[in-house]
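Beneath this line is the structure, given in structure tokens, with notes to follow.
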Amino acid sequence: MSVSCVIGAQWGDEGKGKIVDLLAAKSDMVVRYQGGGNAGHTVVVGKRKFVLHLIPSGILHGRECVIGNGVVVDPEQLFAEIADLEAKGIRVRGKLFLSDRANIVFPYHKALDRASEAARGEGKIGTTGRGIGPCYADKYSRSGIRVVDLYDRELFESRLRANVAEKNRMLGLLNAPPLQFREVFAEATAWAKRLKPMVSDTVTQVNDAIDAGRDVMFEAAQGALLDIDHGTYPYVTSSNSDATGVSSGAGVPPGCVKTVIGVAKAYTTRVGSGPFPTELDNALGAEIRRIGSEFGATTGRPRRTGWFDVVGCRHAIRTSGVTELAITKMDVLDAFDTIRICTAYRYRGKTLTSFPADLRTLENARPVYRDFPGWKTATTAARRLGDLPAAARGYLKELEKLLRCRISMVSVGPERNQTVLTGGKLQSATR
Ligand code: GDP
Ligand code: IMO
Ligand code: MG
């Protein structure tokens, strides 16, 4: 597995952090290529729990970690994350590199994110409030400020002055208070000094690592169904969170990634607004939320829950070229009598097996379910395929067939060792 990528194959929070941490044991370098502080990747090591937002999950194994050019970076949040890790005895200095081309999240991005969400009212996206959309908007309208720009004082000061003036006009229209240029400038000047030792030409660094045959792993944030192009627009995040973002977000050639690991829960969750055909907005959904502790790692919001959606996951598999799947949180389903898989949607008398672009269709699509008997046995101690109850293997085997993609890992708990490597033997093992 020389160059690989781990993506979320649903709407985020699939357990990417756990899987990246697990695979980082055998990697040399872990690279984040998109998103920002909106991400919340949880890694549990023994009794200790780490929640990573901007720093790649490979840091816990002491790997070389890179924040690529496609990430939007809030320095304030980055410093807090570094301090938290160092307080827990994790070495970050000398291990973490920040792209000189990454765009910076400023306080006005966060203020605008909050103000525009408030203005949307009922139609709000339900963002994390981390300034992600407004920062990417500046990047693409070419008024963003990149890490490297912090070190060109004249350019930085004039661009920041223009941006603060523009954002204050926008904030005024949204009835939000303005920001003071002097304050933002002073804060950012202090950031520049603290960031300096981490700043790197990461495009050269990552390409050199690939050329040298080192094991490089790309870590996505969010999930493929939140992708700006291929997700449930406009209820998405503002970057390419599927594997298509790797090339632009890290500056590496398309095609360099040979293994794409799609992470999906054995059911589905979603935070924020937007269509969710298999949602269980009822007592059963609440039970899944309770057992699975489905509360946002970044915002603490309760996650919406529902059954596994093959149509959505197939879409993720195709747009990202997923070569193998990690199915997480199997243990959360241990107690249920019946477990359902949505195999298609019904809409206006038609059966849909591909993920529609039209939100109205998605909102009104009725899931077609296939039912499976629950295994009603704890799976948390399973370490080999044979340790899983036959009904659990039956469920996974069917998922593998419906998704037309090999399941290589099954996670049965948050800890590193609570993982079953299938060795690709799921079909033969359940015969
Ligand atoms: P990410 O954003 O994709 O990294 O996922 P999150 O960290 O936001 O959410 C996944 C949550 O599920 C975290 O609290 C993990 O510790 C936890 N988790 C991961 N895998 C498993 C599993 O197999 N079983 C259980 N019970 N929890 C898991
Ligand atoms: P990880 O990496 C789940 C969702 C938000 C909202 C939409 C847009 O932990 O899987 P944004 O702040 O990005 O503008 O919000 O995207 N969202 C996530 N949902 N997991 C995440 O990250 C998410 N990051 C953003 O809830 O619906
Ligand atoms: Mg998360």
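Bear in mind the structure is a predicted one, so any value in this text is a computation, not a measurement.
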Identify each donor-acceptor pair in which a side-chain atom of residues 122-130 lies under 3.5 Å from a protein atom, sequence neighbours left out, and give them as a table.
residue : atom : partner : partner atom : Å
Thr127  : OG1  : Asp113  : OD1          : 2.9
Thr127  : OG1  : Gly129  : N            : 3.2
Arg130  : NH2  : Thr298  : O            : 3.4

Salt bridge (Lys or Arg N to Asp or Glu O under 4.0 Å), that's the test. Do Glu219 and Arg32 meet it? Break it down for me.
CA-CA 5 Å; Glu219 173 178 0; Arg32 272 279 305 274; 5.6 Å; no

Between Gln427 and Lys397, does a side chain to side chain contact (heavy atoms under 4.5 Å, CB included) hold up when you go through it step by step?
CA-CA 6 Å; Gln427 298 301 321; Lys397 182 178 163 177; 3.2 Å; yes

Mind running salt bridge (Lys or Arg N to Asp or Glu O under 4.0 Å) on Asp74 and Lys110 for me, showing each step along the way?
CA-CA 10 Å; Asp74 175 354; Lys110 290 186 272 190; 2.7 Å; yes

Would you please test Arg304 and Asp281 for salt bridge (Lys or Arg N to Asp or Glu O under 4.0 Å) and show each step?
CA-CA 8 Å; Arg304 298 156 67 193; Asp281 192 10; over 6 Å; no

Residues Thr269, Lys265; criterion side-chain hydrogen bond (donor to acceptor under 3.5 Å, both in side chains); working and verdict
CA-CA 8 Å; Thr269 64; Lys265 282 175 187 165; 2.9 Å; yes

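Remark: Asn417 pairs with Arg383, Glu415 by the side chain to side chain contact (heavy atoms under 4.5 Å, CB included) rule, at least two apart or across chains. For Tyr345, there are no ring pair (Phe, Tyr, Trp, His ring centres under 6.0 Å) partners at least two apart in sequence or on another chain. Taking Tyr395 as the reference, Phe372, Trp375 meet the ring pair (Phe, Tyr, Trp, His ring centres under 6.0 Å) condition, with sequence neighbours excluded.
No donor-acceptor distance shorter than 3.5 angstrom exists from the side chain of Glu294 to the backbone of Pro302, with no hydrogens or angles considered. In this structure, the side chain of Ser241 does not engage the main chain of Thr237 through any donor-acceptor pair within 3.5 Å. A donor-acceptor pair is defined here as one N or O able to donate and one able to accept, closer than 3.5 Å; such a pair exists between the side chain of Arg91 and the backbone of Arg93. The closest donor-acceptor contact from the side chain of Asp227 to the backbone of Leu225 lies at 3.5 Å or more, if one exists at all. Of the possible donor and acceptor atoms, one in the side chain of Asp358 sits under 3.5 Å from a partner among the backbone N and O of Arg360. Side-chain N or O atoms of Glu14 include one that pairs as donor or acceptor with a backbone N or O of Gly12 at under 3.5 Å. Formation of a donor-acceptor pair under 3.5 Å by the Lys49 side chain with backbone atoms of Gly46 is not found in this model. With hydrogens and angles ignored, the 3.5 Å screen pairs no side-chain donor or acceptor of Asn207 with any backbone N or O of Thr204. For the pair Asp387 (side chain) and Ala381 (backbone), a donor-acceptor distance under 3.5 Å is absent. No donor-acceptor pair under 3.5 Å is formed between the side chain of Arg370 and the backbone N or O of Thr343.
Put simply, CD1 on Ile291 and CG on Leu333 are 8.5 Å apart, with the number rounded to the nearest 0.5 Å. A distance of 8.5 Å separates CG in Leu399 from CG in Leu325, rounded to the nearest 0.5 Å. To the nearest 0.5 Å, atom OG of residue Ser411 and atom CG of residue Asp331 are 7.0 Å apart. We find the CD-OG1 distance between Glu363 and Thr361 to be 9.0 Å, quoted to the nearest 0.5 Å.
Under 3.5 Å, the side chains of Asp309 and Thr278 contain no donor-acceptor pair of N or O atoms. At a cut-off of 3.5 Å, with distance as the only test, no side-chain donor of Asn103 or Asp138 sits close to an acceptor on the other residue. If you check the side chains of Trp191 and Glu76, you find a donor sitting under 3.5 Å from an acceptor. Counting only N and O atoms by type, the side chains of Arg406 and Ser408 include no donor and acceptor under 3.5 Å apart. Lys18 and Thr419 share a donor-acceptor pair across their side chains, judged by distance under 3.5 Å alone. A donor-acceptor pair shorter than 3.5 Å cannot be found between the side chains of Thr202 and Asn69.
Using cut-offs of 30° and 60° on the angle between ring planes, the pair Trp11 and Phe276 is tilted. The aromatic rings of Phe106 and Tyr108 sit parallel to each other, their planes meeting at less than 30°, with 60° as the upper class boundary.
Taking 4.5 Å as the limit, every side-chain heavy atom of Arg63 sits out of range of all side-chain heavy atoms of Met217.
Figure legend: Lys329 and Tyr267 shown without cation-pi pairing, the cationic atom not lying both under 6.0 angstrom from the six-membered ring centre and within 45 degrees of its axis.
Sorted by first then second residue, the ring pair (Phe, Tyr, Trp, His ring centres under 6.0 Å) pairs that include residues 215-245, not counting sequence neighbours, number zero. Counting only residues at least two apart or on different chains, no ring pair (Phe, Tyr, Trp, His ring centres under 6.0 Å) pair has a member in residues 37-73.
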